[in-house]
Amino acid sequence: MRVRFAPSPTGPLHIGGARSALFNYLLVRKHQGKFILRIEDTDQERSSRESEIDIMDSLRWLGLDWDEGPDVGGPHGPYRQTERLDIYRKYTEMLMDKKMAYLCYCTEEELEEQRQELKARGQMPRYMGKCYGLSEDERKKLEDEGRKPVIRFRVPENELIKINDLVRGEVNFESSGIGDFVIVKSDGIPTYNFAVVVDDHEMNISHVIRAEEHLSNTPRQVLIFDALGLKKPEFAHISLILGKDRSKMSKRHGATSLNQYKEEGYLPEALVNFLALLGWSPEGEEEVFTLEDLTSLFDLERVAKSPAVFDLEKLRWLNGVYIRKSPIDRIAGLALPYLTQAGYVGEDGANLEYIEKIVDAVRDYLGSVSEIKEHVGIFFDKELTFESEKAVDVLRGEQVPGVLDLLTKKVQNEGELTPDNTKKMIKSICKELDLGGRKVFMPVRVALTGKMHGPEMHDVIPILGGGEILRRINISLEKAGHTLDG
RNA sequence: GGCCCGUUAGUCAAGCGGUUAAGACACCGGCCUUUCACGCCGGUAACAGGGGUUCAAAUCCCCUACGGGUCACCA
């Protein structure tokens, strides 16, 4: 088995492209075949090397490695279409010789005119083969005018084109619905529909797995395969990813490129897991899978035909699952840039051990790592702010000065604060003052963080440390109007 | 508009002639936690509509509706 992912490098890797790549990868790794990365850069206007690099980075980030490609080479190279022009020429000549392709000199205006005419007559706009019968003289004349020809494929009439799609079953097209289409542009570069056929054949691709938007291109490609007498690969067209309004995922639905998710703090394994479940489902009820799991489970037969709406909430949940189960140093490392950006951590001196404790204290709250900035203010903010009047009311309880006073003493007497001894410390405050937990925990929380909710106090207290705790207690006592004695 | 694909809860999605129509996210409730979150337990909620075929249809066929894709010298 040989499969390929063939992006055109006209921008960053799209979420849909990532899924196509993933499905290809899963299938071929399951069957111990080869995964080929081919760059379809025949649109020279829009293609860029930056995009190419970006796409490769994104694929690698996801963990999708390839066996043959522009960077690693391989026996069927080169793997960039603009470097394969000689190869296409060979096939173009074959088609020309067989009169299955011809030169066309029509201008954009002429084509447009024809389109309008057909439309006006209620027919489908398509190229009608006007230049097909051009004589040598007529051609000369047009050349002399300075016209640069394109090469068109001669589409046979009334031919039924059968495609046996691995996910959709048999799909039929009528050749009469297809006009003679361009296979080589006037600059000599082949179009997608032509290059893809030549390359899939030359590279010995056995399975073409791609997005559904290519389904209606497939009959054109089949026509070329047949005209050239080449063996066709198997086709599998996977459904599109839709935005919340059920139209094709685009910018206005939010982030569409993989980069954006990476930047927002989504983990690659979460994206992989999520994307795999979009249009495919395993047997059984489990939903959390590693790339390795997926590789052994994946199966084209369980790929859904219907398009799927991208559900960010589910991605966030899945990402949270991975955030919670990753080693803390990894999550802390990922969190660091966001903390720096928020001004919580200096560019230079980050105390990793300290950061890890904080990240560990708040990771349960995260759907993406970037959200961390919303939860760590209690540790970093210089100023203690109270979230509401209700919070301040908690501090006004008559037992509060006693509680905080005792806490102060205990903190001062304790050597190093740990979650363990902090837990005991609070317990003993309850006992010594003969108070219910509620009268102790909540005031301590508000006094130290200004908030009604947050991480466990026994995690927060050791992180803050003695000096900061005393400082905040004083601020809180004052805020609540308690007199400071001693 | 022509051609093509699709349609099970708000979303993902199982189901491939006979099921109390799974499961997950979200939502709601409970438990745990002297907070919230996490975790655990439970709940609400779906076969687009209409015709057939069949003893029996979410499953097969047809029509309608809706959604999507595609009709480039873009891929």
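All chains are named by letter (A, B, ...) in the order of the sequence lines, taking the proteins before the strands, and each is independently numbered beginning at 1. Computed from a predicted structure; not experimentally measured.
If you measure from atom CG of Asp187(A) to atom P of rA72(B), you get 18 Å, rounded to the nearest angstrom. One can place CD of Glu371(A) at 15 Å from P of rA37(B), the figure rounded to the nearest angstrom. The nearest whole Å value for the distance from the CD atom in Glu109(A) to the P atom in rA72(B) is 16 Å. One interatomic measurement links the two molecules: CG of Asp311(A) to P of rG10(B), which rounds to 13 Å at whole-angstrom precision. In this structure, CZ of Phe173(A) is placed 7 Å from P of rC4(B), rounded to the nearest angstrom. Atom CZ of Arg220(A) is separated from atom C1' of rA72(B) by 10 Å (rounded to the nearest Å). Here rC40(B) presents its P atom at 10 Å from CZ of Arg324(A), a figure rounded to the nearest Å. As a whole-Å value, the separation of Lys431(A) NZ from rU34(B) P is 15 Å.
Exactly one residue among Lys130(A), Arg154(A), Arg220(A), Arg152(A) makes a salt bridge (charged side-chain N to carboxylate O under 4.0 Å, His left out) with Asp180(A). That residue is Arg154(A).
Contact annotation: Thr42(A) side-chain N/O to rA75(B) OP1/OP2 distance is under 4.0 Å. The phosphate of rC16(B) has neither OP1 nor OP2 within less than 4.0 Å of any side-chain N or O from Arg302(A). Here Lys248(A) reaches the OP1 or OP2 of rU70(B): one of its side-chain N or O atoms lies under 4.0 Å away. Phosphate proximity of rU11(B) to Arg316(A): absent, as no side-chain N or O sits under 4.0 Å from OP1 or OP2. OP1 and OP2 of rG6(B) both lie 4.0 Å or more from every side-chain N or O belonging to Ser239(A). Note on Arg445(A): every side-chain N or O is 4.0 Å or more away from OP1 and OP2 of rC36(B).
The pairing partner recorded for rC40(B) is rG30(B), the criterion being a Watson-Crick or G-U wobble arrangement whose two distances lie under 3.5 angstrom. Base-pair partner of rC60(B): rG52(B) (Watson-Crick or G-U wobble, both distances under 3.5 Å).
If you check the side chains of Ser368(A) and Asn319(A), you find no donor sitting under 3.5 Å from an acceptor. A donor-acceptor contact closer than 3.5 angstrom links the side chains of His253(A) and Asp245(A).
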Run the side-chain hydrogen bond (donor to acceptor under 3.5 Å, both in side chains) check on Glu143(A) and Tyr105(A) step by step: do they pass? CA-CA 8 Å; Glu143(A) 294 259 352; Tyr105(A) 293 86; 2.4 Å; yes
TODO: Run the numbers on Thr290(A) and Asp293(A) for side-chain hydrogen bond (donor to acceptor under 3.5 Å, both in side chains), then give the verdict.
DONE: CA-CA 5 Å; Thr290(A) 63; Asp293(A) 295 335; 3.1 Å; yes
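On a pure distance criterion of 3.5 Å, no polar donor-acceptor pair joins the side chain of Ser216(A) and the base of rC4(B).
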